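Okay, structure first, notes after.
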Amino acid sequence: MNKDMVLLRAVEMAAIASYKYIGKKDKNALDGAAVEAMKVMLGKNIGIKLRVVNGEGELDNAPMFYYGQILGDVDNPHAPTLDMSVDPVEGTNPAAYNFAGSIATIAVSREGTMKQFPEMYMEKLFISPSLAGMVDFQEPLPKIVKGLQKKLQKKTLKAIILDKPRHEKIVKELDNLGVIVRLIKDGDVLGAIDVVNGEADFVYGVGGAPEAVLMASLAIASGAEMSARLVPYQEVWLDESETKERQDLEEKWLAKQTNLQWTTLMMAPDLVNDPRTRFFAAGITAGGTLKPIDYLNGKFYINTFMASHGIVRNLTTTYDVSQINNLKPEVKYLFDKYHR
Ligand SMILES: O=P(O)(O)OC[C@H]1O[C@](O)(COP(=O)(O)O)[C@@H](O)[C@@H]1O
Ligand SMILES: [Mn+2]
């Protein structure tokens, strides 16, 4: 099968498996279902090997994707290897508590081109393809906004920002500059999809570093632009019980990196160095331009998104459970196990 189809179906089946757990307040069961669905769909005979660069954490007994894990045609020496960043449920809270924000997502790129990050924070600015080339990412955001307003004359800029206390100040500043801000509780990768789909001009804020790699793939694949900078844990969580330990771990990790400091400004190609990177997502509770997954009379309705070398696809996909059950044993297994 075409590898795009393999990856599309992996995010779609992750969305289908997690559907059973939407709103059930059980994050582990939800995540476990999406992980298993992806693992089954990315099993043997897919024509490629996938090396997990940014997954869900380190190797243990949990059903996670971990750094260095190889999936796919592991025994086939002729199958090419791709790097992969994967978040089976990006936005676990939104899915577990049933509010907007969660998607299943995968990004792939040529082997050795994707940067790995531990679970830490990054300040990210993701701007729409229509603003590409117009922004000096070295400047602070208010200055960038003023510059854009000058260039774009009457256009009212729209921003998507994670609704977190750490962003209160910048949200006020953007308000004062006349920017329309849409606050989202979680899910800045979905925010970036909305930007690519023209719902907003940029996403800004401090969020996850693994998510930044997914967003970088999306930026490159769609013609958008993105910058990112590491943010120390203590800047977000000044005085929590784990702050000191997290900070030590981060400093140790950073000391081992070459050409990377807290102040280093990374652009999308520094995170994913492949112009042919491909990005895939399927809506779970979704929101914005991606509609949530739905089930009615034996059919799943899924909204899937894909971007590669400047081509952006928003697909509505229907899975007729009874038909597919007859075709594919691995899909039947997943439907039987996770059908709500
Ligand atoms: O919730 P925090 O710690 O503020 O981190 C923000 C990050 O969490 C998310 O909202 C959801 O992440 P999860 O996939 O870990 O649930 C991301 O979209 C975002 O980058
Ligand atoms: Mn995530």
Side-chain angles (χ1 to χ4, degrees), residues 11 14-15 18 21-22 25-35 38 52-58 62 64-67 84-107 116-126 160-168 170-171 182-195 200 202-219 226-238 240 242-243 246-247 250 271 279-288 290:
V11 291
S18 50
Y21 299 100
I22 291 178
K25 305 177 182 62
D26 185 344
K27 292 207 272 184
N28 288 338
L30 170 90
D31 208 51
V35 169
M38 279 197 179
V52 177
V53 177
N54 294 286
E56 296 217 294
E58 293 314 306
M64 296 175 152
F65 290 106
Y66 55 87
Y67 175 65
M84 171 167 81
S85 284
V86 54
D87 204 344
V89 184
E90 149 55 9
T92 335
N93 268 318
Y97 294 90
N98 198 6
F99 59 88
S102 68
I103 56 174
T105 180
I106 291 179
Q116 186 261 337
F117 290 99
E119 200 52 56
M120 56 196 293
Y121 286 104
M122 263 186 188
E123 180 194 14
K124 314 176 229 183
L125 174 60
F126 182 104
I160 297 176
I161 308 229
L162 284 170
D163 189 8
K164 311 271 174 178
R166 58 183 179 265
H167 296 145
E168 267 168 27
I170 189 72
V171 168
R182 170 148 70 90
L183 292 172
I184 53 171
K185 281 209 159 103
D186 268 298
D188 52 5
V189 183
L190 178 56
I193 291 174
D194 281 345
V195 165
F202 62 90
V203 181
Y204 173 78
V206 173
E211 282 83 358
V213 177
L214 287 156
M215 289 160 76
S217 165
L218 171 59
M226 182 191 167
S227 68
R229 209 189 311 253
L230 290 165
V231 172
Y233 191 80
Q234 69 184 31
E235 246 176 56
V236 180
W237 305 107
L238 188 62
E240 302 294 309
E242 67 268 34
T243 300
R246 287 287 292 255
Q247 186 68 14
E250 290 182 356
L271 304 182
F279 174 92
F280 304 83
I284 301 177
T285 58
L290 269 198

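Only heavy atoms go into these numbers, but all of them, side chains included; no hydrogens, no water, no symmetry mates. Source: prediction; values computed, not measured. Numbering of ligands and ligand atoms starts at 1, following listing order.
In summary, the atoms of ligand 1 found under 4.0 Å from a heavy atom of Val89, numbered by their order in the structure, are 14 (O). Close contacts between ligand 1 and Lys124 involve ligand atoms 20 (O) [criterion: under 4.0 Å to a heavy atom]. Counting atoms of ligand 1 from 1 in the listed order, those under 4.0 Å from a heavy atom of Asp87 are 14 (O). Numbered from 1 in the order shown, with element, the atoms of ligand 1 that lie under 4.0 Å from a heavy atom of Lys164 read 1 (O), 2 (P), 4 (O). When each atom of ligand 1 is checked for a heavy atom of Gly208 under 4.0 Å away, the hits are 7 (C), 19 (C), 20 (O).
Not one N or O on the side chain of Asn54 forms a donor-acceptor pair closer than 3.5 Å with the backbone of Glu211. Listed for the Thr285 side chain is no donor-acceptor partner under 3.5 Å among the backbone atoms of Asn98. Formation of a donor-acceptor pair under 3.5 Å by the Lys124 side chain with backbone atoms of Gly208 is found in this model. Of the possible polar contacts, none joining the Ser102 side chain to the Glu90 backbone as a donor-acceptor pair under 3.5 Å is found. Judged by distance alone, the side chain of Thr243 and the main-chain N or O of Trp237 form a donor-acceptor pair under 3.5 Å.
With salt bridges taken as basic N to acidic carboxylate O contacts below 4.0 Å, one links Asp186 and Lys164.
When all heavy atoms of Met226 and Ala212 are compared, the pair lying nearest together is CE-O, 3.5 Å. Shown here for Lys27 and Ala96, the closest heavy-atom pair between the two residues is CG-CB, 3.7 Å. Val53 and Tyr67 make their closest contact through O-CD1, 3.2 Å (heavy atoms, listed as atom of the first residue, atom of the second, distance). The two residues Ala95 and Val89 have their closest heavy-atom pair at CB-CG1, 4.1 Å. Summarising the geometry of Pro88 relative to Glu56, their closest heavy-atom pair is CD-OE2, 3.6 Å, with the distance given to 0.1 Å. Shown here for Ala34 and Ser18, the closest heavy-atom pair between the two residues is CB-CB, 4.4 Å.
Around the Mn ion (ligand 2), the protein contributes the following N, O or S atoms at distances under 2.8 Å: Asp87 OD2, Glu90 OE1, Glu211 OE2.
Of the N or O atoms in Gly187, one or more lie within a sub-3.5 Å distance of an N or O in ligand 1. Polar contact check, Asn93 against ligand 1: no nitrogen or oxygen pair lies under 3.5 Å apart. Taking only nitrogen or oxygen atoms, main chain and side chain alike, Gly207 does not reach within less than 3.5 Å of ligand 1.
Here the heavy atom of the protein found nearest to atom 9 (C) of ligand 1 is Asp186 OD1, 3.5 Å. What sits closest to atom 5 (O) of ligand 1 on the protein, heavy atoms only, is Tyr121 CE2, 3.8 Å. The protein atom (non-hydrogen) at minimum distance from atom 19 (C) of ligand 1 is Asp188 OD1, 3.5 Å.
Between Tyr233 and the options Glu240, Glu119, Glu242, Glu250, a side-chain hydrogen bond (donor to acceptor under 3.5 Å, both in side chains) holds for only Glu242.
For Lys185, no heavy-atom contact with ligand 1 is shorter than 4.0 Å. Heavy atoms of His167 found under 4.0 angstrom from ligand 1: none, in either backbone or side chain. At a 4.0 Å heavy-atom cut-off, ligand 1 touches Glu90 through backbone and side chain alike.
The residue among Glu119, Met122, Arg166 with a heavy atom at the shortest distance from atom 6 (C) of ligand 1 is Arg166. Closest heavy-atom approach to atom 13 (P) of ligand 1 among the candidates Pro94, Gly91, Ala212: Gly91.
Open room surrounds NZ on Lys185; 12 or fewer heavy atoms of other groups in view lie less than 6.0 Å from it.
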